[in-house]
Amino acid sequence: MSSEANTPVLPNCIRLPLPEDELMEVVAKAKDYAIMHGAAMRSKTAFSPDSLNFAPFVLVPSSFPRKEFEKAVALQPIINRLMHNVAHDEEFITTTLAETIKVDEFTANLFNIYRKVLAHGFTQKISLGMLRSDLMLESCCPELSTQAQRPAAGEDTAVDGMDVALAVNSVGTAAAGTGRKAAAAATEQEEQLKRKAANPIQSAYCCWKQVEINTIASGFGHLGPASKIIQRFVLSELGHADKLHNMPSNNALAGLCDGMVKAWDIYAKPKAVILFIIEDVSYNICDQRFHEFYIRETYPHIKVLRRTLTEVHKEGKLGQSKELLLGNQEVAVIYFRAGYEPGHYHSQAEWDARYLMETSLAIKCPSIHYHLAGTKKVQQALAQPAVLERFINDPDEIKAVGKIFTGLYSLDDNEAGNATYEMALRTPEKFVLKPQREGGGNNVYGVDIPDALKRMSRVERSAWILMDLIHPPLTRGYMVRPGGDMPPQIVEMVSELGIFGVVIGDAEHIVHNYQAGHMLRTKLSTANEGGVAAGLGALDSPYLIDTDEEQN
């Protein structure tokens with residue numbers, strides 16, 4: 001992702017740059033603080049199961065407009081219900097994925113499991129959805145305040161009270177000795193200056209747009225709150241404890257784990273366990289383990305197991321009532337932290353394990369239909385206003401959800417798909433090309449799109465969708481990475497906010513539905529992908545700010 005010279009900049013929560021000696025000291029403390037509070041990962045370049053690196057993090061929290069944050073939080077239960085209804089609509093999923101499964105082997109394998117489960121009927125009708133709706137602010141506004149434009153190199157976007165005082169004073173001086181009307185105008189100008197002083201980002205963004213909805217392995221339930229803990233420590237060390245109230249509470253770990261426990265309660269077998277499906281090697285180990293440890297510490301009567309798909313194939317079987325048994329232990333809830341990409345299925349054995357679990361009585365997170373509901377092709381179909389009416393009854397809710405979608409376009413071999421293809425070749429810089437994959441590193445951006453499309457046949461294109469490129473406003477700050485420069489340099493960054501949601505129910509009834517916390521990932525403004533586990537982004541948390549309009 002490249003940023004243009006006129007991209008607006010959100011103001012920093014504190015004035016930067018920091019004096020070098022102060023910066024060096026606080027970064028050293030923050031690195032240790034991160035490791036000691038579980039904000040850590042295993043190294044991909046020098047892997048050892050016995051050591052951890054701190055996860056990359058942004059030193060101080062990045063600004064995010066309070067109003068847009070609160071709207072996203074309030075909307076999440078509606079998105080939960082939408083995805084729950086989509087997952088239980090057999091006709092919609094089948095029709096929407098009909099072309100994709102012809103050319104995308106991975107999605108076809110998932111769909112084949114779905115088809116076989118449907119044919120025999122769902123053994124377990126209850127599903128647990130632990131979703132994450134990812135969004136970015138959109139800065140391509142028709143009118144942007146000049147206050148919001150990118151500052152010159154080295155110029156800070158924080159407001160200097162002395163500068164404002166001088167400006168206000170000059171307004172008052174200019175008004176001295178003039179008539180009543182001029183004095184009134186000067187007073188109004190003074191008030192405007194004061195409002196801008198309180199926050200100079202009058203129009204740094206239009207709104208927020210949804211990047212995607214994750215229905216499987218929605219990570220950062222621990223690392224999201226951990227980011228806030230690190231940054232609260234840093235702000236306090238820098239003498240800015242007065243700003244901590246602008247960092248919203250974040251109980252994502254508890255919210256998600258409590259969702260698993262609610263599903264465990266519904267299963268109603270006191271000796272049954274919760275099963276985590278994991279990769280062969282877990283680099284993002286802290287985020288997974290803290291879920292496990294929270295459950296064990298808060299609900300010590302519930303046991304948690306960790307198994308790979310390969311291990312489930314070796315150990316797993318169905319009991320007389322189709323309960324899933326691992327050895328002599330019955331599984332109540334299955335939480336997938338793997339299974340979302342082809343590399344997790346080394347052979348037919350792993351696919352057989354997935355099918356075994358889907359046919360069992362255990363409550364799955366996600367069930368196979370929830371997994372398919374999270375594909376990009378389904379999300380592209382949902383962006384059509386008429387389609388939303390199929391799943392949401394309330395006109396106001398339809399309008400609210402419809403507003404968050406950016407342009408999503410089919411590449412199927414038909415008139416609409418061919419028109420999308422031509423549009424992408426003409427103006428590739430406006431788009432991102434997405435396959436039916438999760439986990440990061442799969443998308444194609446901008447000028448690379450034409451070559452990628454030209455290598456595909458007409459049929460192969462249907463495995464992909466085209467999406468409008470979102471242009472988020474910038475923030476400026478210090479990104480701290482293992483092995484990075486010391487002292488770190490100020491860089492321009494963009495952020496992606498994820499809102500977690502939990503929904504539990506069957507095709508007829510939803511028994512639990514709530515928003516469950518948030519996470520913020522930040523990456524360099526020049527980077528396309530932003531996954532922290534993939535080594536491309538950094539942990540962050542939102543610092544809520546108010547616009548002039550809201551203050552008025």
Side-chain angles (χ1 to χ4, degrees), residues 80-81 83-90 92-94 109-131 215-218 256-278 291 295 299 302-307 309 311-313 315-340 350-374 501-513:
N80 293 346
R81 181 159 26 90
M83 297 308 294
H84 183 84
N85 292 341
V86 169
H88 289 88
D89 192 322
E90 175 190 348
F92 179 73
I93 288 179
T94 301
N109 285 337
L110 293 172
F111 190 83
N112 187 45
I113 292 175
Y114 175 60
R115 189 156 35 202
K116 288 194 292 183
V117 172
L118 279 173
H120 294 94
F122 288 99
T123 304
Q124 177 56 261
K125 298 185 184 302
I126 295 284
S127 292
L128 165 61
M130 298 204 307
L131 316 178
T215 62
I216 182 169
S218 303
L256 294 171
C257 291
D258 288 348
M260 285 188 258
V261 172
K262 290 178 191 297
W264 183 89
D265 286 336
I266 290 171
Y267 193 83
K269 296 277 190 75
K271 293 186 178 181
V273 303
I274 295 176
L275 171 64
F276 284 25
I277 300 298
I278 59 170
H291 287 74
I295 293 170
Y299 308 95
I302 304 176
K303 187 173 182 179
V304 176
L305 302 181
R306 289 166 59 85
R307 297 289 188 274
L309 287 167
E311 289 169 337
V312 170
H313 180 257
E315 302 174 29
K317 63 181 180 180
L318 296 186
Q320 291 184 343
S321 300
K322 291 193 174 182
E323 66 273 23
L324 178 64
L325 300 174
L326 291 176
N328 60 356
Q329 298 185 96
E330 182 173 350
V331 177
V333 178
I334 305 172
Y335 172 44
F336 286 92
R337 286 299 292 247
Y340 54 81
E350 287 73 31
W351 286 109
D352 291 345
R354 182 71 185 268
Y355 178 64
L356 177 76
M357 290 184 282
E358 292 297 337
T359 58
S360 77
L361 193 62
I363 298 173
K364 274 75 69 176
C365 177
S367 55
I368 191 66
H369 42 305
Y370 254 94
H371 191 163
L372 292 172
V502 171
V503 56
I504 307 175
D506 58 20
E508 303 300 325
H509 301 98
I510 292 176
V511 292
H512 297 287
N513 180 12

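All residue numbers refer to positions in the sequence shown, counting from 1. These numbers come from a predicted model, not from an experiment.
Counting only residues at least two apart or on different chains, no salt bridge (Lys or Arg N to Asp or Glu O under 4.0 Å) pair has a member in residues 111-126.
Contact record, A353 with V312: CB-CG1, 4.1 Å, taken as the closest heavy-atom pair. What you find for A332 and W264 is that their closest heavy atoms are CB-CD1, 3.7 Å. Nearest approach of G339 to L309, heavy atoms of both residues: CA-CD1, 4.3 Å.
D89 meets the side chain to side chain contact (heavy atoms under 4.5 Å, CB included) test with E91, F92, R390, F391; sequence neighbours excluded. With sequence neighbours excluded, the residues satisfying side chain to side chain contact (heavy atoms under 4.5 Å, CB included) with L361 are T123, Q124, Y267. Taking the side chain to side chain contact (heavy atoms under 4.5 Å, CB included) definition, one finds that I510 meets it with R81, H84, V503, N513, sequence neighbours left out. Contacts of C257 classified as side chain to side chain contact (heavy atoms under 4.5 Å, CB included), with partners at least two apart in sequence or in another chain: L253, M260, H291, Y294, I295. The ring-ring contact (aromatic ring centres under 6.0 Å, His included) search around W351 returns F106, Y345, not counting sequence neighbours.
Between Y114 and I93, the closest side-chain pair of non-hydrogen atoms falls below 4.5 Å. The shortest distance between side-chain heavy atoms of V331 and L326 falls below 4.5 Å. Counting heavy atoms from C-beta on, the side chains of L131 and N80 come closer than 4.5 Å. Looking only at side-chain heavy atoms (C-beta outward), L324 and M357 come within less than 4.5 Å of each other. M83 places a side-chain heavy atom less than 4.5 Å from the side chain of T215. Residues V273 and I302 form no side-chain contact, since every pair of their non-hydrogen atoms from C-beta on lies 4.5 Å or further apart. Contact check for C365 versus F336: no side-chain heavy atoms found under the 4.5 Å cut-off.
With hydrogens and angles ignored, the 3.5 Å screen pairs a side-chain donor or acceptor of S218 with a backbone N or O of M130. Side-chain N or O atoms of K269 include none that pairs as donor or acceptor with a backbone N or O of D265 at under 3.5 Å. Side-chain N or O atoms of S321 include none that pairs as donor or acceptor with a backbone N or O of E323 at under 3.5 Å. Distance alone, capped at 3.5 Å, is enough to place a donor-acceptor pair between the T359 side chain and the L356 backbone.
Distance check: E90 CD to H369 NE2 gives 11.0 Å after rounding to the nearest 0.5 Å. One finds the NE2 atom of H371 at 9.5 Å from the CD1 atom of I113 (value rounded to the nearest 0.5 Å). With rounding to the nearest 0.5 Å, the separation of CD1 in I363 from CD1 in I126 is 6.0 Å. Atom CD1 of I368 sits about 11.0 Å away from atom OG of S127, to the nearest 0.5 Å. Remark: N328 CG to K271 NZ distance equals 10.5 Å, nearest 0.5 Å. The distance from atom CG of L372 to atom CZ of F111, rounded to the nearest 0.5 Å, is 7.0 Å.
Using a cut-off of 4.0 Å between Lys/Arg side-chain N and Asp/Glu carboxylate O, E315 and R307 are scored as salt-bridged.
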Please determine whether salt bridge (Lys or Arg N to Asp or Glu O under 4.0 Å) holds for the pair R354 and E350, giving the CA-CA distance in whole Å, both sets of side-chain angles, and the decisive distance to 0.1 Å.
CA-CA 6 Å; R354 182 71 185 268; E350 287 73 31; over 6 Å; no

Show your working on side chain to side chain contact (heavy atoms under 4.5 Å, CB included) between L305 and I274 and close with a plain yes or no.
CA-CA 6 Å; L305 302 181; I274 295 176; over 6 Å; no

Verify side chain to side chain contact (heavy atoms under 4.5 Å, CB included) between Y355 and N112, making sure each step is shown before the conclusion.
CA-CA 9 Å; Y355 178 64; N112 187 45; over 6 Å; no

Would you check, one step at a time, whether the test side chain to side chain contact (heavy atoms under 4.5 Å, CB included) holds for F276 with V304?
CA-CA 7 Å; F276 284 25; V304 176; 3.8 Å; yes

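Note on ring orientation: taking the six-membered ring where Trp is involved, the planes of H88 and Y370 are perpendicular (angle over 60°, cut-offs 30° and 60°).
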